Amino acid sequence: EPGALQPNKTYYRRVDEFLGPITHKGPVWSFTTAGPGGGFKAEYFSNRDLSGTPVVTRTDPKIDFNWGNGNTPGQHSPDAKIPVDDFSARWTGELTVDLTDTYVFTITANNGYRLWLDGRLIIDFWDNTTTETRQSEPIALTAGQVCTLRMDYYEGADTALAQLFWQSAVQNRLTARAREIVPSGALGLPRK
């Protein structure tokens with residue numbers, strides 16, 4: 001067991017095969033752990049159309065929310081100042097890519113949502129009446145590349161849910177990233 005990994009550090013591994021006195025050295029793999037990350041700038045509105053001044057502005061480490069279905073603001077909504085129905089949110093941030101590959105972004109939410117990458121709309125499912133999952137087309141990204149992300153979301157009625165995932169489009173390689181919530185270590189607050 002390697003124990004706790006340090007942030008922003010590159011680790012290397014190699015598997016060797018020993019056949020009697022002969023050693024066959026395997027390839028060296030490396031990975032770099034993410035830094036502490038910053039997350040998304042989150043702006044919450046007490047209406048469906050993201051209009052007016054946000055009622056709450058904060059930093060969300062990631063978009064992985066299931067507020068459920070209930071009547072208690074702050075428990076069934078993002079904050080006690082936000083109603084449980086008819087609210088909206090805008091998350092903005094910078095995504096630093098750590099692995100060169102082709103990526104697919106996926107949103108699962110109830111109700112409507114849109115996702116932009118570097119100003120380009122890549123998921124648009126605003127007229128959603130229930131919980132649905134939609135994904136982007138595969139997008140080539142390069143390690144070290146910094147992209148802007150923006151996700152708009154609204155909750156109409158019933159269950160309140162918003163999740164943003166990413167994954168490598170190529171799943172049969174050793175370096176492929178399985179589907180996961182976009183982690184806070186890959187995110188930074190917008191510079192603007």
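Below, all heavy atoms of this structure are taken into account, side chains as well, without hydrogens, waters or symmetry copies. Please read all numbers here as calculations on a predicted model, not as lab measurements.
Within the 4.5 Å cutoff, no side-chain heavy atoms of Thr106 are placed close to those of Ile123. Here the side chains of Leu115 and Leu149 are in contact, with some heavy-atom distance below 4.5 Å. Contact annotation: the side chain of Thr96 never approaches that of Gln145 to less than 4.5 Å [non-hydrogen atoms, C-beta and beyond]. The side-chain heavy atoms of Thr57 and Lys41, taken from C-beta on, include a pair separated by under 4.5 Å. With contacts defined as side-chain heavy-atom distances shorter than 4.5 Å, the pair Val182/Met151 does not qualify. Put simply, the side chain of Phe65 reaches to within 4.5 Å of the side chain of Asp60, judged on heavy atoms. Residues Phe105 and Leu95 form a side-chain contact, since some pair of their non-hydrogen atoms from C-beta on lies under 4.5 Å apart.
A search for ring pair (Phe, Tyr, Trp, His ring centres under 6.0 Å) contacts involving Trp116 returns nothing, not counting sequence neighbours. Residues passing the side-chain contact (heavy atoms from CB on, under 4.5 Å) test with Asp158, sequence neighbours excluded: Asn69. Among residues two or more places apart in sequence or in another chain, the ring pair (Phe, Tyr, Trp, His ring centres under 6.0 Å) test is passed with Tyr103 by Trp166. For Thr129, the side-chain contact (heavy atoms from CB on, under 4.5 Å) test picks out no residue, with sequence neighbours left out. Gln163 meets the side-chain contact (heavy atoms from CB on, under 4.5 Å) test with Asp64, Thr108, Leu161, Phe165, Ile181; sequence neighbours excluded. Every side-chain contact (heavy atoms from CB on, under 4.5 Å) that Pro78 has, sequence neighbours left out, goes to Tyr44, Arg58, Trp67, Ile82, Phe87.
Taking the six-membered ring for Trp and the full ring otherwise, the centers of Tyr113 and Tyr153 sit at least 6.0 Å from each other.
Going from atom CD of Gln135 over to atom CZ of Arg179 covers 8.0 Å, rounded to the nearest 0.5 Å. Between atom CG of residue Asp98 and atom OG1 of residue Thr142 there is a gap of 12.0 Å, rounded to the nearest 0.5 Å. To the nearest 0.5 Å, the span separating CG on Asp118 from OG1 on Thr148 amounts to 4.5 Å.
With hydrophobic clusters built from ILVMFWY side chains whose heavy atoms lie under 4.5 angstrom apart, Val84 does not share a cluster with Val56. Connection of Leu141 to Leu187 is established within a shared hydrophobic cluster, with ILVMFWY side chains joined at heavy-atom distances below 4.5 Å, either directly or through further cluster members.
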Pair Val55, Asp79 - check side chain to side chain contact (heavy atoms under 4.5 Å, CB included), show working. CA-CA 9 Å; Val55 175; Asp79 189 272; over 6 Å; no
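Members clustered with Val104: none, using a 4.5 Å side-chain heavy-atom cutoff among hydrophobic residues. Other cluster members for Tyr154: Phe45, Leu50, Trp126, joined by side-chain heavy-atom distances under 4.5 Å among Ile, Leu, Val, Met, Phe, Trp and Tyr.
Sorted by first and then second residue, the pairs that involve residues 15-27 and meet salt bridge (Lys or Arg N to Asp or Glu O under 4.0 Å), not counting sequence neighbours, are Arg14-Asp16. Pairs of residues two or more places apart, or lying in two chains, that qualify as salt bridge (Lys or Arg N to Asp or Glu O under 4.0 Å) and include a residue from residues 105-116 are Arg114-Asp124. Sorted by first and then second residue, the salt bridge (Lys or Arg N to Asp or Glu O under 4.0 Å) pairs with a member in residues 135-149 form an empty list; sequence neighbours excluded. Evaluation of the salt bridge (Lys or Arg N to Asp or Glu O under 4.0 Å) test over residues 138-151, restricted to residues two or more places apart or in two chains, returns Arg150-Asp152.
Residue Asn71 places its CG atom among 12 or fewer non-hydrogen atoms of other residues, nucleotides or ligands, all under 6.0 Å distant.
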